[in-house]
K.L.:
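Got a structure here, written out as structure tokens. Questions coming.
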Amino acid sequence: MNQRERLRDALVGAARQLGAPEPIDPPLERPRETSHGDWSTNLAMTLARPLKRKPREIADDLVGKLALSDAGVDRIEIAGPGFINFYMRAADTAGALPALIAADALYGRHAIGEKRRVNIEFVSANPTGPLHVGHGRQAGLGDAIASLLEWTGWDVAREFYYNDAGAQIANLGLSVQARLAQMSGRDVAIPEGGYHGDYVGEIAERYAAEHPNDREGSHLPDVTRFAVRAMRKEQDLDLQAFGVSFDTYFLESSLYTDGKVDETVAALVRAGHTYEHEGALFLRTTDFGDDKDRVMRKSAGKGGEFTYFLPDVAYHVTKWQRGFHRAINVQGADHHSTVTRVRAGLQAVGMGVTPGYPEYVLHQMVTVMRGGQEMKISKRAGSYVTVRDLVDEVGRDAVRYFFLMRKGDSQLIFDVDLARSQSEDNPVYYIQMAHARISGIFRVGEIDPVSVTGIDVDLGTLNEPEEQELIKALLDFPKLVAVAAESLEPHRIASYLLETARLVHLWYHKHHVLNEPDEITRARLVLARAARIVLRNGLTILGISAPDRM
RNA sequence: GCGCCAGUAGCUCAGUUGGAUAGAGCAACAGCCUUCUAAGCUGUGGGUCGGGGGUUCGAUUCCCUCCUGGCGCGCCA
């Protein structure tokens with residue numbers, strides 16, 4: 001049992017003796033101020049109402065009844081309106097380090113997910129252009145969320161959905177075709193809604209080179225197919241540069257060829273939630289909380305095709321049918337209007353899909369700043385900064401961290417100058433440096449970290465304030481991973497790493513590990529190894545490397 | 001007009017799901033460098049938590065309302 005569990009059990013026992021109503025679940029928190037102890041509970045305050053007594057009296061009684069024979073408590077204080085503050089023995093806190101080290105690369109993992117399957121869809125960019133910074137944020141977020149869920153015991157599948165069947169694709173083909181015509185000297189404009197980036201011209205040139213018999217792209221389906229293949233290749237390279245890989249690339253076109261779209265329409269009609277109006281087929285999404293009904297199939301006058309909405313529903317039906325009873329979609333907040341209607345569609349189809357399926361993680365926009373100026377120009381894309389531009393310029397680790405350091409709900413300013421800087425102003429650098437410094441101790445001391453287990457070492461000497469603060473942070477890591485996974489918020493890991501790195505640097509500067517009395521060195525090596533493990537595990541969750549030297 | 005998100009120190013942002021005197025980094029000011037990385041360290045100042053109501057022992061956190069900014073509101077995706 002760890003400290004928290006021991007204190008919790010003691011509190012539950014005491015509260016029961018006072019006649020507290022079940023279930024008793026005493027909150028135990030790390031106080032903001034170290035002067036308020038190592039653990040604190042407001043249990044007495046929460047019991048004030050049911051017991052109809054004053055919180056401080058309850059606190060007194062609780063403390064009197066605590067069975068703490070071997071809980072590692074040094075002393076207890078009652079403070080403020082009725083907080084009970086626990087001050088632990090330094091040796092007891094440090095005593096948890098050997099177990100941390102034994103867990104090593106598994107430290108921070110949980111079995112909460114019980115191997116259940118979860119599908120995480122992210123990026124899902126149309127194959128009509130390179131990945132821009134918004135996709136980059138999404139790639140970082142999605143991959144880190146996937147990683148967090150893996151760490152908490154879920155069976156995770158990363159999925160990329162290609163909208164390769166809609167009007168956007170037709171526009172891409174027409175745009176490339178127009179460029180081909182221009183290259184052969186004809187004055188043809190890029191069609192309305194078409195794509196203007198330099199990459200369109202590059203594709204046209206490659207097409208012409210590989211199709212000497214059709215240098216003008218007269219056969220549109222060939223041109224389009226070629227363009228889509230080229231764009232997917234480009235995006236793959238972007239993702240590769242970023243270090244993200246997917247288990248499944250799901251093609252929208254397959255929903256048509258596999259009959260999933262037709263099946264879904266039939267199911268919706270059968271379920272009785274559809275009607276025709278002015279020649280179009282509507283789904284009554286208002287029955288499921290939407291503010292207006294949505295068109296599934298356009299009227300003949302508008303082409304008679306399905307809107308994007310229907311394949312979207314069909315796609316999520318396949319997720320459910322493929323055995324993912326939990327699905328998370330990471331998208332830009334500009335798509336938030338689709339959330340209600342997709343969920344409505346899944347309820348309407350009447351397949352017993354859980355309400356609230358799928359879950360959404362929406363993120364706000366990204367602004368790239370350089371030299372105090374917003375950056376919009378990219379040679380490759382013509383109009384925006386691409387993921388590969390960023391990775392080329394600042395490196396994968398920095399890009400990943402910067403995309404993850406803010407919660408998705410906040411708009412993100414990506415400061416290229418800061419991300420490039422090799423100084424401790426740069427948070428990625430600061431965190432990696434903490435890891436490298438600790439690694440340096442082992443290197444200089446010629447000590448194999450694996451040989452440091454903490455067993456048979458007197459850890460009671462780790463009683464300096466900087467040591468106790470660092471140890472507590474390290475011990476809080478597993479809880480933090482659980483909370484970050486539960487809330488789907490990787491930025492918590494990023495913030496935690498920055499704070500823990502700060503504690504490492506503080507400790508490192510104030511206290512030496514090598515060339516100290518033997519028992520001090522031995523104990524501090526244990527702390528060094530524990531800190532190294534936590535930093536590395538946290539960075540690993542975020543997909544960032546943990547260098548041994550810099 | 002309606003919906004979603006945000007508003008916290010001069011700047012960039014945290015804030016453990018309702019707790020104690022609201023925190024960190026940068027910037028400013030003062031002092032420090034013979035040690036495992038000075039690519040640093042220590043200290044100080046800095047706040048009507050956008051405004052106003054409400055809920056209760058207690059609110060940055062929950063509810064209502066207003067202000068400001070971003071995004072969205074199509075038989076586009």
Side-chain angles (χ1 to χ4, degrees), chain A residues 27 29-33 35-36 40-42 45-46 48-49 54-55 79-83 85 124-126 128 163 165-169 171 193 252 277-282 291-292 294-309 311-312 332-340 362-365 367 369 405-413 415 418 421-427 429-430 433 436-445 447 476 479-480 483-484 486-487 491-492 494-496 498-499 502 505-506 508-516 521 524 528 549-550:
Chain A
E29 299 183 332
R30 294 286 192 194
R32 240 191 287 263
E33 305 238 353
S35 63
H36 291 148
S40 177
T41 183
N42 63 355
M45 281 123 88
T46 65
R49 186 186 293 270
K54 292 180 181 167
F83 291 101
N85 296 336
S124 294
N126 291 350
T128 53
N163 292 100
Q168 309 293 339
I169 298 301
N171 284 336
E252 181 188 4
H277 178 66
E278 294 179 351
L281 184 63
F282 279 74
D291 52 1
K292 62 184 188 184
R294 305 292 168 175
V295 173
M296 294 163 56
R297 193 178 55 226
K298 303 177 195 176
S299 58
K302 301 271 185 178
E305 303 140 359
F306 293 115
T307 61
Y308 75 93
F309 161 62
D312 238 19
D334 53 340
H335 286 77
H336 82 257
S337 61
T338 65
V339 173
T340 308
L362 301 180
H363 64 85
Q364 299 289 330
M365 303 291 104
T367 308
M369 302 287 284
M405 64 200 270
R406 306 291 179 229
K407 62 180 167 205
D409 288 337
S410 299
Q411 291 179 32
L412 176 72
I413 296 175
D415 183 336
L418 181 59
S421 109
Q422 301 276 297
S423 78
E424 305 207 355
D425 297 344
N426 181 346
Y429 186 87
Y430 188 73
M433 189 66 192
R437 274 183 162 160
I438 291 176
S439 300
I441 294 171
F442 290 97
R443 188 171 55 245
V444 170
I447 296 158
D476 289 343
K479 179 78 193 300
L480 177 91
V483 170
E486 163 76 25
S487 57
H491 80 275
R492 290 172 183 273
S495 301
Y496 168 86
L498 192 58
E499 171 62 15
R502 198 178 68 85
H505 287 300
L506 287 176
Y508 177 92
H509 280 286
K510 189 129 184 204
H511 308 290
H512 278 251
V513 175
L514 305 177
N515 305 317
E516 294 287 324
T521 291
R524 288 183 178 164
R549 61 167 76 205
M550 297 177 73

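Atom set for the values below is all heavy atoms of this structure, side chains included, hydrogens, waters and symmetry mates excluded. Within every chain, numbering begins at 1; the chains are lettered A, B, ... in the order of the sequence lines, protein sequences first and strands thereafter.
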K.L.:
Run the side chain to side chain contact (heavy atoms under 4.5 Å, CB included) test against A:Lys54 and tell me which residues pass, sequence neighbours left out.
P.N.:
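By the side chain to side chain contact (heavy atoms under 4.5 Å, CB included) rule, A:Lys54 matches A:Glu57.
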
K.L.:
Please identify each residue that fulfils salt bridge (Lys or Arg N to Asp or Glu O under 4.0 Å) with A:Lys510, with sequence neighbours left out.
P.N.:
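Here the qualifying residues are A:Glu466.
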
K.L.:
Base, sugar-phosphate, or nothing: which does A:His511 touch, judged by heavy atoms less than 4.0 Å apart?
P.N.:
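Here A:His511 touches the bases of the nucleic acid.
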
K.L.:
I'd like to check the side chain to side chain donor-acceptor pair (under 3.5 Å) partners of A:Asp409; sequence neighbours left out, ordered by chain and number.
P.N.:
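Side chain to side chain donor-acceptor pair (under 3.5 Å) check on A:Asp409 returns nothing, list empty.
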
K.L.:
What interatomic distance, in whole Å, is found between P of B:C71 and the corresponding atom of B:A59?
P.N.:
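It comes out at 35 Å once rounded to the nearest Å.
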
K.L.:
Report the residues that fulfil side chain to side chain contact (heavy atoms under 4.5 Å, CB included) with A:Arg502, sequence neighbours left out, ordered by chain and then residue number.
P.N.:
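A:Arg502: side chain to side chain contact (heavy atoms under 4.5 Å, CB included) contacts with A:Tyr430, A:Glu499, A:Leu506.
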
K.L.:
NA contact type, A:Ser487, heavy-atom cut-off 4.0 Å: base, sugar-phosphate, or nothing?
P.N.:
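Counting heavy atoms under 4.0 Å across all strands, the contact made by A:Ser487 includes a base.
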
K.L.:
For a quick test of reading the model, state the closest non-hydrogen atom pair linking A:Ala436 to A:Arg549 and the distance between them.
P.N.:
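Here A:Ala436 and A:Arg549 meet closest at CB-CA, 4.0 Å.
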
K.L.:
When the C1' atoms of B:C49 and B:C13 are considered, how many whole Å apart are they?
P.N.:
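Result for the C1' pair: 13 Å, nearest Å.
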
K.L.:
Could you tell me whether A:Ala48 contacts a base, only the sugar-phosphate backbone, or nothing, with contacts defined as non-hydrogen atoms closer than 4.0 Å?
P.N.:
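The residue A:Ala48 makes no contact with any strand.
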
K.L.:
Using the side-chain heavy atoms of A:Met550, tell me which of these nucleotides is nearest: B:U37, B:G19, B:C41.
P.N.:
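Nearest to the side chain of A:Met550 among the choices is B:U37.
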
K.L.:
Counting the atoms with a prime plus P, OP1 and OP2 as sugar-phosphate, which does A:Asn42 contact under 4.0 Å by heavy atoms, base, sugar-phosphate, or nothing?
P.N.:
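Base contact.
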
K.L.:
Taking CG from A:Asn426 and P from B:U12, how many angstroms apart are they, rounded to a whole number?
P.N.:
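One finds 18 Å between P of B:U12 and CG of A:Asn426, rounded.
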
K.L.:
Can you measure A:Asp476 atom CG to B:A14 atom P for me and round it to whole angstrom units?
P.N.:
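Those two atoms, CG and P, are 20 Å apart.
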
K.L.:
Please report, rounded to the nearest Å, how far the P atom of B:C76 is from the CZ atom of A:Phe306.
P.N.:
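These atoms are roughly 14 Å apart.
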
K.L.:
Looking at B:A14, B:U42, B:U37, which one has an atom nearest to any side-chain atom of A:Val444?
P.N.:
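Nearest to the side-chain atoms of A:Val444, counting from C-beta on, is B:U37.
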
K.L.:
Who are the ring-ring contact (aromatic ring centres under 6.0 Å, His included) partners of A:Phe442, not counting sequence neighbours?
P.N.:
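A:Phe442 satisfies ring-ring contact (aromatic ring centres under 6.0 Å, His included) with no residue once adjacent residues are dropped.
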
K.L.:
Using atom C1' in both nucleotides, what's the gap between B:G50 and B:G70 to the nearest angstrom?
P.N.:
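Looking at atom C1' only, B:G50 and B:G70 are 16 Å apart.
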
K.L.:
Going by the glycosidic torsion and a 90 degree boundary from 0, is the base of B:U17 oriented syn or anti?
P.N.:
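Chi for B:U17 falls in the syn range.
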
K.L.:
I need a per-nucleotide contact map over nucleotides 23-35 of chain B, read 5' to 3'. Cutoff is protein heavy atoms under 4.0 Å; write B for the base, S for backbone only, - otherwise.
P.N.:
SS-S--------B

K.L.:
Looking only at atom C1', what distance separates B:U8 and B:G40, rounded to whole Å?
P.N.:
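Their C1' atoms lie roughly 30 Å apart.
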
K.L.:
Would you kindly check whether a donor in the side chain of A:Ser40 faces an acceptor in the base of B:A20, or vice versa, at under 3.5 angstrom?
P.N.:
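Indeed there is one.
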
K.L.:
Which one, B:A77, B:G19, B:C13, comes nearest to the side chain of A:Glu29?
P.N.:
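The closest nucleotide is B:G19.
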
K.L.:
Which part of the nucleic acid, if any, lies within contact of A:Asn85, taking any heavy atom under 4.0 Å across all strands shown: a base, the sugar-phosphate backbone alone, or nothing?
P.N.:
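If one applies the 4.0 Å heavy-atom cut-off, A:Asn85 turns out to touch a base.
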
K.L.:
For A:Met433, answer base if it contacts any base atom (sugar-phosphate contacts may also be present), sugar-phosphate if it contacts only those atoms, and nothing otherwise; contact means non-hydrogen atoms under 4.0 Å.
P.N.:
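Base: the residue A:Met433, judged by heavy atoms under 4.0 Å, touches a nucleobase.
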
K.L.:
I'd like to know if the side chain of A:Asn426 and the backbone of A:Leu418 have a donor-acceptor N/O pair within less than 3.5 Å.
P.N.:
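Side chain of A:Asn426 to backbone of A:Leu418, a donor-acceptor pair under 3.5 Å: yes, one is there.
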
K.L.:
Between A:Arg549 and B:A39, is there a contact of a side-chain N or O with OP1 or OP2 at under 4.0 Å?
P.N.:
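Negative; the distance criterion is not met.
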
K.L.:
Calculate the interatomic distance between A:His509 atom NE2 and B:C41 atom P; express it in whole Å.
P.N.:
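About 5 Å, once rounded to whole Å.
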
K.L.:
In terms of side-chain heavy atoms of A:Met45, which of B:G15, B:A14, B:G19 is nearest?
P.N.:
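Closest of the options to the side chain of A:Met45: B:G19.
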
K.L.:
Considering only atom P, compute the distance from B:U56 to B:C41 and round it to an integer number of Å.
P.N.:
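The same atom, P, in both gives a distance of 48 Å.
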
K.L.:
Can you give me the closest heavy-atom contact between A:Thr128 and A:Ile169, atom names plus distance?
P.N.:
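The pair with the smallest heavy-atom distance is CG2-CD1, 4.0 Å.
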
K.L.:
Got a sec, which residues hit side chain to side chain contact (heavy atoms under 4.5 Å, CB included) with A:Thr41, two or more places apart in sequence or on another chain?
P.N.:
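A:Thr41 satisfies side chain to side chain contact (heavy atoms under 4.5 Å, CB included) with A:Leu11, A:Pro26, A:Pro27, A:Leu28, A:Leu43, A:Ile84, A:Phe86 once adjacent residues are dropped.
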
K.L.:
Could you check whether A:Lys54 gets within reach of a base, just the sugar-phosphate, or nothing at all, counting any heavy atom under 4.0 Å?
P.N.:
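Contact class for A:Lys54: none.
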
K.L.:
Base, sugar-phosphate, or nothing: which does A:Ile438 touch, judged by heavy atoms less than 4.0 Å apart?
P.N.:
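Since no nucleic acid heavy atom lies under 4.0 Å of A:Ile438, the category is nothing.
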
K.L.:
Please give the distance between the C1' atoms of B:G25 and B:G19 as a whole number of Å.
P.N.:
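Comparing C1' positions in B:G25 and B:G19 gives a spacing of 26 Å.
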
K.L.:
In whole angstrom, give the distance that lies between atom CZ of A:Arg443 and atom P of B:U37.
P.N.:
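A:Arg443 atom CZ is separated from B:U37 atom P by 7 Å.
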
K.L.:
For the base of B:A20 and the side-chain ring of A:Phe83, does the geometry meet a stacking cutoff of under 5.5 Å between centres and under 30° between planes?
P.N.:
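Taking the rule of under 5.5 Å and under 30°, the ring of A:Phe83 does stack on B:A20.
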
K.L.:
Counting side-chain heavy atoms from CB outward, which of B:U12, B:C36, B:C75 is closest to A:Tyr508?
P.N.:
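Out of B:U12, B:C36, B:C75, the nucleotide with an atom closest to A:Tyr508's side chain is B:C36.
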
K.L.:
Test of understanding: with side chain to side chain contact (heavy atoms under 4.5 Å, CB included), list the residues that count as partners of A:Glu486, not counting sequence neighbours.
P.N.:
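Checked A:Glu486 against side chain to side chain contact (heavy atoms under 4.5 Å, CB included); zero matches.
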
K.L.:
Quick check on RNA chain B: between A:Asp409 and A:Ala300, whose nearest nucleotide comes earlier from the 5' end?
P.N.:
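Nearest nucleotide further toward 5': that of A:Asp409.
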
K.L.:
Contact class for A:Gly445 (heavy atom, under 4.0 Å): base, sugar-phosphate, or nothing?
P.N.:
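Nothing: the residue A:Gly445, judged by heavy atoms under 4.0 Å, touches no strand.
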
K.L.:
Using the P atom as the point on both nucleotides, what is the distance between B:U34 and B:C26, in whole Å?
P.N.:
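22 Å, rounded to whole Å.
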
K.L.:
Once you round it to whole Å, what is the distance between C1' of B:G19 and NE2 of A:His36?
P.N.:
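The distance from NE2 of A:His36 to C1' of B:G19 comes to 11 Å, rounded to the nearest Å.
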
K.L.:
Within the structure shown, what part of the strands sits under 4.0 Å from A:Ser410 by heavy-atom distance: base, sugar-phosphate, or nothing?
P.N.:
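Sugar-phosphate contact only - A:Ser410 comes under 4.0 Å of backbone atoms but never of a base.
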
K.L.:
Heavy atoms only, 4.0 Å cut-off, all strands: where does A:Glu305 land among base, sugar-phosphate and nothing?
P.N.:
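The residue A:Glu305 makes no contact with any strand.
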
K.L.:
Determine the Euclidean distance between corresponding P atoms of B:U21 and B:C64; express it in Å to zero decimal places.
P.N.:
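Roughly 28 Å separates the two P atoms.
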
K.L.:
Within the 4.0 Å limit for protein heavy atoms, which parts of nucleotides 69-74 of chain B are touched? Write it as a string from 5' to 3', B for base, S for sugar-phosphate only, - for none.
P.N.:
-SBS-S

K.L.:
Identify the stems formed by RNA chain B, where each pair is Watson-Crick or G-U wobble with both distances under 3.5 angstrom and a stem is at least 3 consecutive pairs.
P.N.:
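Stem list for RNA chain B: B:1-7 with B:67-73, B:10-13 with B:23-26, B:28-32 with B:40-44, B:50-54 with B:62-66.
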
K.L.:
Using modelled atom types only, decide if a donor and an acceptor are shared between the side chain of A:Arg524 and the backbone of A:His512 within a distance under 3.5 Å.
P.N.:
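Indeed, once roles are kept as given, a pair shorter than 3.5 Å links the two residues.
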
K.L.:
What's the CG-P distance between A:Leu514 and B:C36, to the nearest Å?
P.N.:
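Interatomic distance, CG of A:Leu514 to P of B:C36: 9 Å.
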
K.L.:
Strictly under 3.5 Å: I want the nitrogen or oxygen pairs between protein and nucleotides 54-56 of chain B, one per line.
P.N.:
unit_1, atom_1, unit_2, atom_2, d
B:U56, O3', A:Arg49, NH2, 3.3

K.L.:
Where do A:Pro31 and A:His36 come nearest, in terms of heavy atoms and distance?
P.N.:
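Looks like CG-O, 3.4 Å.
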
K.L.:
For A:Thr41 and A:Lys510, find the nucleotide of RNA chain B closest to each by heavy atoms; which residue's nucleotide sits nearer the 5' end?
P.N.:
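Upstream on the strand: A:Thr41.
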
K.L.:
Would you be so kind as to tabulate the donor-acceptor pairs closer than 3.5 Å made by side chains of residues 295-305 of chain A, with sequence neighbours excluded?
P.N.:
unit_1, atom_1, unit_2, atom_2, d
A:Lys298, NZ, A:Glu305, OE1, 3.4

K.L.:
Answer yes or no: does atom CG of A:Asp334 have more than 12 heavy-atom neighbours from other residues, nucleotides or ligands under 6.0 Å?
P.N.:
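Yes, the 6.0 Å shell around CG holds more than 12 heavy atoms from other groups.
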
K.L.:
Would you kindly give the CD-to-C1' distance between A:Glu278 and B:C75, to the nearest whole Å?
P.N.:
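Rounded to whole Å, this separation is 10 Å.
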
K.L.:
Pick base, sugar-phosphate or nothing for A:Val513, based on heavy-atom distances below 4.0 Å to the nucleic acid.
P.N.:
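It contacts base atoms.
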
